[in-house]
Amino acid sequence: MLRYVTTNPGKVLEARARLPAVEQLDFDYPEIQSPDLGPIAAAGARAAYRHVNAPVLVDDAGLFVAGFDGFPGPYSSFVETTVGVEAVSRLCARELDEMDASFRCVLGYCDGTDLDAPHGESGENDTHAPRVDDDDGNSLPVVLFEGVVDGQIVSPRGSGGFGYDPIFEVAGATYAEMSPGDKNDHSHRGQALDAFADWHDGRS
Ligand code: ITT
């Protein structure tokens with residue numbers, strides 16, 4: 001069984017649309033401070049693996065607004081719970097000429113074994129699944145899978161999804177106007193889930 005580590009049931013819904021067998025592990029791992037999502041997901045995967053001693057997949061995501069040099073990025077959760085996503089939309093409309101933004105998702109997989117990135121492959125697959133060794137001297141490899149989607153910040157539209165979904169538009173629709181399956185077809189998380197599924201299927 002694969003545990004999808006998150007406190008967010010919306011993420012689990014999307015993960016299940018791609019990986020039907022995952023179970024939610026509602027574990028609030030301590031998030032390290034980093035300007036990048038990769039180290040946060042890797043540290044989270046190690047903490048979650050040590051917590052359950054079983055295979056885990058951690059999901060760390062964030063909204064990066066181009067005109068704000070990537071803010072809120074790794075602080076997206078804090079910004080959502082403090083000012084809220086409608087205020088982010090209004091702030092962007094007031095302060096920025098361009099509403100370009102990207103959504104990123106990094107999945108970190110850890111099962112306590114000596115994991116390898118995709119065997120003998122290079123280029124795109126290497127960047128989607130770099131192996132990350134432990135930085136505290138204990139070897140506990142994590143493999144990372146990243147998805148990135150470029151879109152636009154808009155005024156809120158739609159009632160589905162969660163978090164920033166109503167204010168992030170891709171291909172003419174906000175994520176909140178898409179079903180979880182459709183969102184996966186267009187989303188940062190869908191890309192990362194596909195990359196993980198390809199790698200995981202290739203191992204068995
Ligand atoms: P966990 O850390 O427990 O997984 P979380 O919701 O806090 O739950 P993140 O730290 O990855 O997860 O999320 C950072 C913020 O981005 C948070 O406010 C989320 O609601 C939001 N978010 C993450 N993925 C999103 C998505 O696909 N669509 C819209 N908002 C998203």
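Read the numbers this way: they start at 1 and go in the same order the structure lists the ligands and their atoms.
Checked by distance only, ligand 1 and Thr7 come closer than 3.5 Å through their nitrogen or oxygen atoms.
A donor-acceptor pair is defined here as one N or O able to donate and one able to accept, closer than 3.5 Å; such a pair exists between the side chain of Ser89 and the backbone of Val154. Remark: side-chain polar atoms of Gln24 are paired, donor with acceptor, to backbone N or O of Thr6 under 3.5 angstrom.
Among all protein heavy atoms, the one lying closest to atom 21 (C) of ligand 1 is Tyr164 CD1, 3.8 Å. Protein heavy atom at the shortest distance from atom 7 (O) of ligand 1 is Ser77 OG, 3.5 Å. At the shortest separation from atom 22 (N) of ligand 1 among protein heavy atoms lies Phe162 CE1, 3.7 Å. Among all non-hydrogen protein atoms, the one lying nearest atom 23 (C) of ligand 1 is Ala61 CB, 3.6 Å. Nearest protein neighbour of atom 24 (N) of ligand 1, counting heavy atoms only, is Arg189 NH2, 3.0 Å. In terms of protein heavy-atom proximity, atom 9 (P) of ligand 1 is nearest to Lys11 NZ, 3.4 Å. Protein heavy atom nearest atom 17 (C) of ligand 1, with residue, atom name and distance: Glu80 OE1, 3.4 Å.
Those atoms of ligand 1 with a heavy atom of Lys183 less than 4.0 angstrom away are 26 (C), 27 (O), 28 (N). With ligand atoms numbered from 1 in the order given, ligand 1 contributes 1 (P), 3 (O), 4 (O), 8 (O) to contacts under 4.0 Å with heavy atoms of Thr6. The Glu31 neighbourhood of ligand 1 comprises atoms 2 (O), 10 (O), with distances under 4.0 Å to a heavy atom of that residue. For ligand 1, the atoms sitting less than 4.0 Å from at least one non-hydrogen atom of His188 are 26 (C), 27 (O), numbered in the order shown with element in parentheses. For ligand 1 and Asp60, the ligand atoms under 4.0 Å from any heavy atom of the residue are 10 (O), 11 (O). Every atom of ligand 1 is numbered from 1 in the order shown, and the set under 4.0 Å from a heavy atom of Asp59 is 4 (O), 11 (O). With ligand atoms numbered from 1 in the order given, ligand 1 contributes 26 (C), 28 (N), 29 (C) to contacts under 4.0 Å with heavy atoms of Asp165. When each atom of ligand 1 is checked for a heavy atom of Asn8 under 4.0 Å away, the hits are 6 (O), 8 (O).
In summary, Arg189 and Glu14 engage in a salt bridge, as defined by a charged side-chain N under 4.0 Å from a carboxylate O. For Arg104 and Asp60, the salt-bridge test fails: no basic side-chain N is under 4.0 Å from an acidic carboxylate O.
Applying the salt bridge (Lys or Arg N to Asp or Glu O under 4.0 Å) test to residues at least two apart or on different chains, none of the pairs has a partner in residues 74-100.
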Pair up each side-chain donor or acceptor in residues 29-39 with any protein partner under 3.5 Å, not counting sequence neighbours, and list the distances.
residue	atom	partner	partner atom	Å
Ser34	OG	Asp36	N	3.1
Ser34	OG	Asp36	O	3.1

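More than 12 heavy atoms of other residues, nucleotides or ligands sit less than 6.0 Å from atom CG of Asp201.
Under a hydrophobic clustering in which Ile, Leu, Val, Met, Phe, Trp and Tyr are joined whenever their side-chain heavy atoms come within less than 4.5 Å, directly or via other members, Ile40 and Phe103 fall into different clusters.
Heavy atoms of Phe78 come nearer than 4.0 angstrom to ligand 1 in no pair at all.
Between Leu140 atom CG and Cys110 atom SG the span is 4.0 Å, to the nearest 0.5 Å.
Using the six-membered ring where Trp is involved, Phe168 and Tyr175 have ring planes that are tilted, between 30° and 60° apart.
With 3.5 Å as the limit, one finds a donor-acceptor pair spanning the side chains of Asp59 and Tyr4.
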